[in-house]
Amino acid sequence: MRIGIDLGGTKTEAIALDPAGVERFRGRIPTPRGDYLATLEAIVGLVREAERVVGPASVGVGIPGTVSPATGLVKNANSTWLNGRPLREDLADRLQREVRIANDANCFALSEAVDGAAAGQPIVFGVIVGTGTGGAVVANGQVLIGTNAIGGEWGHNPMPWPEPGEWPGPPCYCGRTGCIETFLSGPGLSRDHQAATGDAIDASLIAARAAAGDAAAGASMARYEGRLARALSSVINVVDPHVVVLGGGLSNIDRLYERVPRLWGRFVFSDHVATTLLRAKYGDSSGVRGAAWLWGDQEIGDRR
Ligand SMILES: [Zn+2]
């Protein structure tokens, strides 16, 4: 059995998967925002609750940040009360076992590569476009974590092949300007639409209005699709994935899957682009499922 925990900014979810990937337990509690000790207790409580149902299990945790290989401490978390904390050690102490921790985008991509939209595909680039823009690479079932634990983090690269008005681009919370995230996140789409029309509405409403035939919303969506195609092309040129899987709130916009692959051919360094763009199979559950999959079959067997 595998337990996965998805430590989100507002809610913390737990799942238990049996060896076939079938869900045997699910729990959800509000994240104790700003309180590290309470966050530890919340995770431990969810693990104990799951184990009362499914018995002893491995534990993987997805966080909105990562554990620094240099220090063993959490870094890059927008849930800032985790930063600088030895989360992995503290959970291992309390649960009396090794605990795996990974970035939430890594968990998302792993879930979709193991048994989701990209099941069985050799190289998968998983993208989350929602409140932020994250990414991760899974090759032959393994997340490419990398020496700095930032593998696949494309959201804070600059928008490639910039068009007039895109450079230097909007300021980003990371201190730079014109990051991919400032264009492709939900707030990024809203900002762009507001700059063009004066209308301050969220990304889902822009997409809904475009689908209903609103010309201004359609133009905003077309700009978004062009940017997504350019940003993904730069990844395709480096990683050459078989599949790109989209997750997060904006992955629910149907037209992206038809239009973006038609646009990226101009930028990909290949006569033909075989890469496909797919919607996440597990939607919001991919993060918590992927956290469970941080432990492989062999490793689970070794622990018995
Ligand atoms: Zn940035």
Side-chain angles (χ1 to χ4, degrees), residues 7-10 33 62-71 73-84 102-109 125-137 143-196 200 202-203 206 220-221 223-239 241 244-251 253 256 260 264 267 287:
L7 178 56
T10 55
R33 290 183 60 82
I63 63 169
T66 195
V67 174
S68 166
T71 64
L73 308 177
V74 174
K75 68 172 180 179
N76 294 355
N78 57 15
S79 298
T80 50
W81 65 95
L82 303 175
N83 285 324
N103 175 259
D104 48 13
N106 291 12
C107 293
F108 164 78
F125 185 57
V127 173
I128 297 180
V129 274
T131 53
T133 302
V137 180
V143 181
L144 298 187
I145 293 174
T147 190
N148 303 296
I150 57 167
E153 281 299 343
W154 69 322
H156 299 276
N157 284 356
M159 178 59 66
W161 298 282
E163 293 187 347
E166 291 180 351
W167 182 259
C172 183
Y173 76 86
C174 75
R176 302 171 185 90
T177 58
C179 292
I180 284 170
E181 176 167 307
T182 67
F183 293 102
L184 295 186
S185 63
L189 173 56
S190 292
R191 178 199 48 73
D192 180 67
H193 182 73
Q194 186 176 4
D202 74 11
I206 296 168
S220 294
M221 284 309 306
R223 286 193 300 279
Y224 184 88
E225 287 150 6
R227 289 163 178 161
L228 182 56
R230 278 182 275 142
L232 288 175
S233 295
S234 69
V235 174
I236 294 171
N237 284 341
V238 176
V239 174
V244 175
V245 187
L246 290 188
L250 279 76
S251 71
I253 302 172
L256 299 180
V260 171
W264 68 26
F267 302 99

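Hydrogens, waters and symmetry mates are skipped; everything else that's a heavy atom, side chains included, is used. Counting starts at 1 for both ligands and their atoms, in listed order.
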Engineer: Among the protein atoms near the Zn ion (ligand 1), how many are N, O or S and lie under 2.8 Å away?
Structural biologist: 4

Engineer: Should the pair Trp154 and Phe125 be assigned to parallel (<30°), tilted (30 to 60°) or perpendicular (>60°) ring geometry?
Structural biologist: perpendicular

Engineer: Can a donor-acceptor pair be found between the side chains of Ser220 and Arg223 at a distance below 3.5 Å?
Structural biologist: yes

Engineer: Identify, with sequence neighbours excluded, every residue that meets side chain to side chain donor-acceptor pair (under 3.5 Å) alongside Asp202.
Structural biologist: Ser204

Engineer: In this structure, which one of Val235, Leu246, Val245 forms a side-chain contact (heavy atoms from CB on, under 4.5 Å) with Val127?
Structural biologist: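 That would be Leu246; it is the only one of Val235, Leu246, Val245 passing the side-chain contact (heavy atoms from CB on, under 4.5 Å) with Val127.
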
Engineer: Quick one: list whatever passes side chain to side chain donor-acceptor pair (under 3.5 Å) with Glu225, sequence neighbours left out.
Structural biologist: Arg255

Engineer: Taking side-chain contact (heavy atoms from CB on, under 4.5 Å) as the definition, give me every residue that meets it alongside Ile145, ordered by chain and number, with sequence neighbours left out.
Structural biologist: Asn106, Val143, Ala149

